[in-house]
Amino acid sequence: MSSTPVDNSKRTWLIASTCAGAAGGLAVAVPFVSTFQPSERAKAAGAAVEVDISALKPGEKLTVEWRGKPVWIMKRTPEQLGSLAKTEAQLADPNSDRKTYPTPAYAKNQHRSIKPDVFVGVGICSHLGCSPSDKFQPGAQASLPDDWQGGFLCPCHGSTFDMAGRVFKNKPAPDNLEVPPHMYLSDNRLLIGEDKQA
């Protein structure tokens, strides 16, 4: 048997060019494949947010961001829950029937929530998009009625909301605060942005 002599310079050149081609192909493939994954911006725009509420005490409020909006999670006290019945006659939409910000079926109740003591709402006034301030202390205060039961005040134009985010009559805000889709993953873990109906 005769053997053909191997040209070592050609062999080295072939190996080097094959490696360079493979590296170049990989460099092109990695960014291409990564385009199939959602960007951080896309995740922020619509991804659901999981929240641990185990440390939330009655009367406390936690704010998280979902779709660029502040979402309030508030654990209401028995007194704050009791105030909801006292405000109904003064509200523009006590049953959350208006359709501008449709309320999920599981929150179409007096407390506008799945669990009566935990309120989940978007902290943006339905008038011009300002963020209302906490006015949880009941009683007469500046810019509030003498029989104030506690709730939220939009400092921009004076719209007031009760402890369930329902707007009072004759205020600039045309609608209640939005209740985002949400569900409980466990007793103390909330998922904002998704629910079993979605």
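Source: prediction; values computed, not measured. Numbering of residues begins at 1 and proceeds along the displayed sequence. The basis for the numbers below is simple: all heavy atoms, side chains too, and nothing from hydrogens, waters or symmetry mates.
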Does any N or O in the side chain of [X] come within less than 3.5 Å of the main-chain N or O of [Y], such that one atom is a donor and the other an acceptor?
X: Thr87; Y: Gln90; answer: no
X: Trp148; Y: Lys135; answer: yes
X: Lys108; Y: Tyr106; answer: no

ring-ring contact (aromatic ring centres under 6.0 Å, His included) pairs, two or more places apart, involving residues 69-97 |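 The answer is Trp72-Phe152.
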Which residue pairs pass the side-chain hydrogen bond (donor to acceptor under 3.5 Å, both in side chains) test when at least one of the two sits in residues 55-64, sequence neighbours left out?
->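 Checked against side-chain hydrogen bond (donor to acceptor under 3.5 Å, both in side chains) - neighbours excluded - the pairs reaching residues 55-64 are Lys61-Asp134.
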Pro132 and Cys125: which non-hydrogen atoms are nearest, and at how many Å?
->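 The pair with the smallest heavy-atom distance is CD-N, 3.8 Å.
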Could you list the residues that satisfy side chain to side chain donor-acceptor pair (under 3.5 Å) with [X], not counting sequence neighbours?
X: Arg189; result: Glu50
X: Lys115; result: none
X: Asn109; result: His111

Other than Leu185, what residues sit in its cluster of Ile, Leu, Val, Met, Phe, Trp and Tyr side chains whose heavy atoms are under 4.5 Å apart, directly or through others?
->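 Listed partners: Met183, Leu191.
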Distance, nearest 0.5 Å, that separates CG of Asp93 from CZ of Arg166 |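 One finds 9.0 Å between CG of Asp93 and CZ of Arg166.
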Drop me the distance from Ser83's OG to Asp147's CG, to the nearest 0.5 angstrom.
->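 Output value for this atom pair is 11.5 Å.
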side-chain contact (heavy atoms from CB on, under 4.5 Å) with Pro102: which residues, sequence neighbours excluded?
->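 Scan of Pro102 (side-chain contact (heavy atoms from CB on, under 4.5 Å), adjacent residues dropped) gives none.
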side-chain contact (heavy atoms from CB on, under 4.5 Å) partners of Lys86, counting only residues at least two apart |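 If we apply the side-chain contact (heavy atoms from CB on, under 4.5 Å) test to Lys86, skipping adjacent residues, the hits are Gln149.
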Partner set under salt bridge (Lys or Arg N to Asp or Glu O under 4.0 Å) for Arg112, not counting sequence neighbours =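 Salt bridge (Lys or Arg N to Asp or Glu O under 4.0 Å) list for Arg112, sorted by chain: empty.
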Disulfide bond (SG atoms under 2.5 Å apart) partners of residues 57-97, not counting sequence neighbours, each pair once =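 For residues 57-97: none.
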Atom pairs and distances, side-chain donor-acceptor, residues 136-143, under 3.5 Å, sequence neighbours left out:
unit_1: Gln141; atom_1: NE2; unit_2: Gln137; atom_2: O; d: 2.4
unit_1: Gln141; atom_1: NE2; unit_2: Gly139; atom_2: O; d: 3.3

Heavy-atom check, side chain of Val49 versus side chain of Val71, under 4.5 Å |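 No, their side chains stay 4.5 Å or more apart.
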Check whether any side-chain heavy atom of Ser126 lies under 4.5 Å from a side-chain heavy atom of Glu178, and answer yes or no.
->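 With C-beta onward as the side chain, the pair stays apart.
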Can you list, pair by pair, the side-chain donor-acceptor contacts under 3.5 Å of residues 167-175, counting residues two or more places apart and other chains?
unit_1: Lys169; atom_1: NZ; unit_2: Ala89; atom_2: O; d: 3.0
unit_1: Asp175; atom_1: OD2; unit_2: Tyr101; atom_2: N; d: 3.4

